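To start, the structure under review is shown below, and the notes come after it.
All figures in this text were calculated on a predicted structure; none of them were measured in a lab.
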Amino acid sequence: MQQKKFVWLACFFISLSLAFLGQSQVALAKTQTMIPTLFIHGWGSSYHAEEKMAQAAKKAGVTKTIILADVDLNGNVTLKGKIPVKAKAPLVLVNFENNKNVNAKMEAGYLKSVLETLQQKYHFQKMNLVGHSMGNMAILDYLLENAQNKELPQLNKQVALAAFPNGLVKEMPSDVTVAKDGRPDQETSTFTELLPLRELYPKGASVLNIYGNLEDGSDSDGPVPVRSAQTLRYLVTPNAKSYEEHQITGKLGQHSKLHNNREVDRLLIKFLWGK
């Protein structure tokens with residue numbers, strides 16, 4: 001009798017443990033899929049530049065939800081579209097009305113306004129950020145100012161397309177060399193200002209750095225030098241959970257084609273959502 005009672009109790013606790021584990025896994029999966037991904041366009045561009053990447057993610061089954069966050073000249077944010085309560089991996093296309101602004105700190109302020117607006121309405125705790133060209137500078141300056149602010153959504157993953165932490169072709173000295181850790185032997189003023197990120201970059205965030213090389217002798221995607229893009233490693237790797245970089249070569253590595261590129265779509269989708 002005692003043996004039967006023991007077996008019954010053992011089965012009960014095993015069933016209880018499995019049920020709890022199953023609920024925990026479901027909760028974890030729900031938390032991960034509810035992380036929004038924001039796309040930030042470059043100089044002179046608009047949210048249209050990010051539409052094909054977003055549609056590629058939608059086609060891959062990542063999400064059914066894509067909304068627009070429109071930011072006017074004063075930083076006021078208007079959300080167009082809604083994120084359902086049970087939305088899976090929602091995508092937010094950020095559109096700056098002031099799209100020819102070269103002040104990264106101002107753009108970082110715009111991005112903060114978008115995140116605050118989203119957080120107030122949807123209460124997200126984490127986020128992914130995808131930037132192209134100048135959009136990356138907005139992201140880096142935003143993190144420089146807000147990475148340690150626990151009242152804002154915390155960075156989960158970052159994707160950089162055509163980032164230029166050490167300047168554009170016209171700004172970076174042509175004889176710059178980059179060490180294995182990503183540090184350039186000649187730093188532009190912009191890079192120097194970003195150096196505090198080595199301590200401030202959010203621990204636990206993962207980074208994917210994608211840049212182009214036309215292989216035409218310029219060692220660039222046109223405006224962005226490969227060696228400038230590679231310096232992102234130095235700024236984020238002390239704290240980043242992981243860092244990987246990919247070079248897109250030839251005509252498809254051209255600056256503006258990086259956000260209209262099936263290989264980039266594949267890399268981005270795999271990195272952000274594991275598909």
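Proximity of a side-chain donor or acceptor of Asn239 to a complementary backbone N or O of Pro202 within less than 3.5 Å is not detected. Formation of a donor-acceptor pair under 3.5 Å by the Asn101 side chain with backbone atoms of Asn103 is found in this model. In this structure a side-chain-to-backbone donor-acceptor pair under 3.5 Å is present from Thr231 to Ser228. Side-chain atoms of Gln120 do not come within 3.5 Å of backbone N or O of Thr117 as any donor-acceptor pair. For the pair Asn146 (side chain) and Asn149 (backbone), a donor-acceptor distance under 3.5 Å is absent. No donor-acceptor pair under 3.5 Å is formed between the side chain of Asp221 and the backbone N or O of Gly253. Distance alone, capped at 3.5 Å, is enough to place a donor-acceptor pair between the Asn128 side chain and the Lys157 backbone. A distance-only check finds no donor-acceptor pair linking the side chain of Glu107 to the backbone of Asn99 [under 3.5 Å].
Contacts of His132 classified as ring-ring contact (aromatic ring centres under 6.0 Å, His included), with partners at least two apart in sequence or in another chain: His255, His259. Partners of Pro238 under the side chain to side chain contact (heavy atoms under 4.5 Å, CB included) rule, at least two apart in sequence or in another chain, are Arg198. In terms of the side chain to side chain contact (heavy atoms under 4.5 Å, CB included) criterion, residue partners of Gln254 (sequence neighbours excluded) are, by chain and number, Leu214, Ser256, Lys257. Considering only residues two or more places apart in sequence or on other chains, Ser220 meets the side chain to side chain contact (heavy atoms under 4.5 Å, CB included) condition with Val169, Ser218. Residues that satisfy the salt bridge (Lys or Arg N to Asp or Glu O under 4.0 Å) test with Glu187, not counting sequence neighbours, are Arg183.
Grouping Ile, Leu, Val, Met, Phe, Trp and Tyr residues whose side-chain heavy atoms lie under 4.5 Å apart, directly or via other members, places Trp273 in a hydrophobic cluster with Phe39, Tyr47, Met53, Val62, Ile66, Leu68, Leu91, Leu93, Val130, Val159, Leu161, Leu208, Ile210, Ile248, Leu252, Leu258, Val264, Leu267, Leu268, Ile269, Phe271, Leu272.
Of the N and O atoms on the side chains of Gln158 and Tyr243, not one donor lies less than 3.5 Å from an acceptor on the other residue.
Using a 4.5 Å heavy-atom cutoff, the side chains of Lys80 and Asp70 are in contact.
A single hydrophobic cluster is not seen to contain both Leu111 and Leu73; linkage of ILVMFWY side chains at heavy-atom distances under 4.5 Å, directly or through other members, places them apart.
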